[in-house]
Undergrad: 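One structure follows; several queries about it will come next.
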Amino acid sequence: MTARPDSGAPATDATARVLARAAVEAMEAVGGYAGGVYLRSGTEGLLRMAALCGLPGQLFRPWWRMHMNRPYPVAEAYRSGQAVHLSDAESAMRRFPQLMAGLPYPFASLYEPVTAGGGERFGVLLVLRPATPGVPVDAADRRRLRHTADRLATKLASLAATGARMLWEDDPVSVPAPSATGDDAREALDRLTQAVLSTDRQGRIVSLNPAARTMLGLDDGSRGKVLWEALPWLGHPAYEDHFRAVFLASDPVYFPARRGPHPSGEWLAVGLHPGPGGVTVTIGAAKPPAYAPGSVQHPGAGLAGSPADRASALYRPVALAIALTEAMTARQVSAVVTEELLPAFGGRQLAIYLLNERHLHLAWETGFPQGFLDRFDGVGLDVRLPGVETLTTGRPMFFESMQHLAAAYPGIPLDADVGARAFLPLIASGRPVGSCILGFDVPRGFSPEERTVLTALAGLIAQALERARRYDSETTLARGLQAALLPHRLPVRDHVVTVGRYLPGTAGMDVGGDWYDVVETGPDMLALVIGDVQGHGVAAAATMGQLRSAVRAFALSGNDPEQVMRGTNRLLIDLDPGQFASCCYVLIDLVSGRSRAVRAGHPQPLLREPDGHTSVLDLPGGVVLGIDADAGYPVTELRLAAGSVLALYTDGLVEKPGVDIDVGVERLRLALAAARPSPLTDMADRLVNEVGNTDDRPDDIALLLASRTEPPR
């Protein structure tokens, strides 16, 4: 171990011995099978693993360095100074999904900060042990681990007092695990024709039977070597995930492995059987897998291939992550996953199930035979299906062939005889959201990198779906609120016909604050109002309702147009400082057609003359409402001739991203000139359909038409 030049004297070998002893004591104190110590490093904000006991260090190299601001339990324990106890995979997934994305195995982990009496924090002591699902870490184990951490802190403080700084810069010290004792079964092992090897918790070969010598070509010189160094074909990255699983969890692991070059290498059946003192490895002859060996992608292909291939393959997941931040609805999220995730991994089928009241409901599917997934719609969480169990356990499940899937779940209906499947849990911030199924047309292997990326992306998908659920709920509320606040019918009066239309936005399904109204202010007077509140959602809809009520109240009180606009402006400033809105108000004399109009930052109205000539009115106006309490709003007088049509609208009808608004206004003017003025409802529908009814409408639309009819003689 070395220290930075400015960090004081380097820690001595005595530090390594203290750390090794503490890791072993911590394991024995709480019944763990692995332990270790993280210490501060010379790099600001970085912890480094200083000692590791009971695990092969090389398999866990990605976790040797830990930034203090990362969402991992080691960093959390160091930052907070509080112990972190995770009794099973479910509790770990709930609190630290990033940890389980990289290590999706059933194990328990305990983390205790190492802090001296003076408050100096040296690092974190950790222990891994078998999971106890649903049973929290008991008080006695907590006290024992705390006592071990305190003893370690005292010893490190004593070493620091000699002038050494406790900054770790090297690889972790590998600490031999306590040897397990048992009956000598050597004679029984010698009779087996299957190769049997015993390794310690560091993966080093301790013993081997005669079959291992003859079948695998090993000898006594193999003792002490790490297993995948003695048998290099077992060191392929495609098999690392199996070894990580067996060193972290207590369940045995079986997998086929190929000895020799692909595709002519011999297939062997490998079994890994973990125990407190190490792992028993069995290797025997095996038939080729149920699928044709040549049809499986070469282990390590895709995300684990060459740097160029890896960079290309990683583009799609990155694009998915970016696109998910922009998807607002559950349907948009599902479409993004289909467009980005499937091509990234060569998939052909996708299904997303969402959890509702302890049942999974099919929300999206593509690529499966029509109606095949209907039988799984609405299944409860107590049904033994991979799509259910991946959610209840929080562990992704990968099946390299349909035969593997059928063997794991006998009797399960299959949509194909050939292919592969991945089942991913959708969990957002510890809350179950649903499950995702990826289907492949041909059998394929899943490299450790692919499994890690898919698991991490499942977390992003879950977050996006959870956000979409909240957004859909808010949108439903806003739509209901806006529908209640808009006028259900417009007044019917002689000499003037009015028609209103409203369309919500489609891009993001936002609900805005657009509104229109027609107010009878006197026996022969009618006020036309249209406005647009800044923003979208419930807040905009609520503000819209307040403004509509304010304009109506000021108009019914006999105020002239300028007073109506001034009063509404001051009221908005009082009600919601910082919120603003545009508005246009036109007061019409029904008999003479004489009108007075006032505008507050709103688009100019259009006027269609009886002969069809259509123009954009030039109404001088004031600033938008809600900005200046002393703003003035000039009034413009005009006259509506019999047969003319006045069109008031919001910017959603004429504005498109990247296009000048004048282009949209001109398009609306031409459409208004070309439309038949009677009936007015048909004209309104035509304008909305031709100008504003697009699939990617970013804003909502309000349109109010008023046509003056011929007065009676």
Side-chain angles (χ1 to χ4, degrees), residues 238-239 241-242 253-258 262-271 284-304 313 334 337-339 341-353 360-379 383-391 393 395-425 434-448 450-451 454-455 458:
Y239 308 138
D241 218 31
H242 299 304
V253 173
Y254 304 93
F255 62 94
R258 191 192 297 270
H262 176 82
S264 60
E266 175 190 9
W267 282 96
L268 296 174
V270 180
K287 296 179 180 179
Y291 46 86
S295 69
V296 180
Q297 291 185 9
H298 190 280
L303 295 180
S334 302
V337 175
T338 302
E339 295 167 3
L341 185 61
L342 287 183
F345 295 89
R348 293 292 182 269
Q349 297 89 25
L350 170 73
I352 293 179
Y353 286 83
L360 286 172
H361 298 277
L362 184 62
W364 179 273
E365 66 167 307
T366 183
F368 287 94
Q370 185 175 4
F372 173 77
L373 295 178
D374 292 347
R375 71 195 73 191
F376 305 111
D377 192 14
V379 298
V383 178
R384 189 174 185 272
L385 290 170
V388 174
E389 292 190 353
T390 190
L391 180 61
T393 63
R395 295 178 59 190
M397 306 171 70
F398 300 94
F399 299 95
E400 297 183 348
S401 71
M402 302 304 285
Q403 288 79 7
H404 287 170
L405 176 57
Y409 292 87
I412 185 175
L414 300 176
D415 63 295
D417 296 327
V418 178
R421 295 290 181 267
F423 297 84
L424 307 175
S435 58
C436 176
I437 305 173
L438 297 180
F440 304 86
D441 288 345
V442 297
R444 74 185 312 277
F446 295 92
S447 70
E450 287 176 317
R451 296 182 184 218
L454 283 171
T455 304

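Excluded from the calculations below are hydrogen atoms, water molecules and symmetry mates; all remaining heavy atoms, backbone and side chain alike, are included.
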Undergrad: Identify which one of Leu391, Leu373, Val388 satisfies the side chain to side chain contact (heavy atoms under 4.5 Å, CB included) criterion when paired with Tyr353.
TA: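 The side chain to side chain contact (heavy atoms under 4.5 Å, CB included) with Tyr353 is passed solely by Leu373 among Leu391, Leu373, Val388.
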
Undergrad: Please name all residues satisfying side chain to side chain contact (heavy atoms under 4.5 Å, CB included) with Thr393, sequence neighbours left out, ordered by chain then number.
TA: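 So Thr393 forms a side chain to side chain contact (heavy atoms under 4.5 Å, CB included) with Arg395.
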
Undergrad: Taking all non-hydrogen atoms of both residues, which atom of Pro413 and which atom of Arg375 are closest, and how far apart?
TA: CB-NH1, 3.6 Å

Undergrad: Is there a side-chain contact between Ser401 and Val418 (heavy atoms, below 4.5 Å)?
TA: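 No - every pair of side-chain heavy atoms lies 4.5 Å or more apart.
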
Undergrad: Rounded to the nearest 0.5 Å, what's the gap from CG on Leu405 to CD on Glu400? Could you check?
TA: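 Reported value, rounded in 0.5 Å steps: 12.5 Å.
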
Undergrad: Parallel, tilted or perpendicular for Phe376 and Phe372, by the 30°/60° rule?
TA: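 Correct class here is perpendicular.
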
Undergrad: Going by side-chain hydrogen bond (donor to acceptor under 3.5 Å, both in side chains), name the residues that satisfy it together with Asp377, two or more places apart in sequence or in a different chain.
TA: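 Partners of Asp377 by the side-chain hydrogen bond (donor to acceptor under 3.5 Å, both in side chains) criterion come out as none, since no residue qualifies.
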
Undergrad: Quick one: salt bridge (Lys or Arg N to Asp or Glu O under 4.0 Å) pairs with a partner in residues 408-423, sequence neighbours left out?
TA: Asp415-Arg421

Undergrad: With a 4.5 Å limit on heavy-atom distance, are the side chains of Pro256 and Leu268 in contact?
TA: no

Undergrad: Tell me every residue that passes ring pair (Phe, Tyr, Trp, His ring centres under 6.0 Å) with Phe398, counting only those two or more places apart in sequence or in another chain.
TA: Phe446

Undergrad: Report the distance from atom CD1 of Ile352 to atom CG of Leu424, rounding to the nearest 0.5 Å.
TA: 10.0 Å

Undergrad: Looking at residues at least two apart in the chain, or sitting in another chain, which of them share a side chain to side chain contact (heavy atoms under 4.5 Å, CB included) with Pro410?
TA: Arg384

Undergrad: Test of understanding: with side-chain hydrogen bond (donor to acceptor under 3.5 Å, both in side chains), list the residues that count as partners of Tyr409, not counting sequence neighbours.
TA: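 So Tyr409 forms a side-chain hydrogen bond (donor to acceptor under 3.5 Å, both in side chains) with Glu389.
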
Undergrad: Could you tell me whether the side chain of Thr390 and the main chain of Phe423 form a donor-acceptor pair under 3.5 Å?
TA: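 Checking the backbone N and O of Phe423 against the side chain of Thr390, a donor-acceptor pair under 3.5 Å is found.
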
Undergrad: Would you name the heavy atoms of Leu362 and Trp364 that are closest together and state the gap between them?
TA: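 For Leu362 versus Trp364, the nearest heavy atoms are CD1-O, 3.5 Å.
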
Undergrad: How close do Ala406 and Leu414 get, heavy atom to heavy atom, and via which atoms?
TA: CB-CD1, 4.0 Å

Undergrad: Output all residues satisfying salt bridge (Lys or Arg N to Asp or Glu O under 4.0 Å) with Asp441, sequence neighbours left out; order by chain, then residue number.
TA: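 Asp441: salt bridge (Lys or Arg N to Asp or Glu O under 4.0 Å) contacts with Arg348.
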
Undergrad: Take Phe368 and Leu350, measure what side-chain contact (heavy atoms from CB on, under 4.5 Å) needs, and give me the verdict at the end.
TA: CA-CA 8 Å; Phe368 287 94; Leu350 170 73; 5.7 Å; no

Undergrad: How far apart are the closest heavy atoms of Tyr254 and Gly271, and which atoms are they?
TA: CD2-CA, 3.8 Å

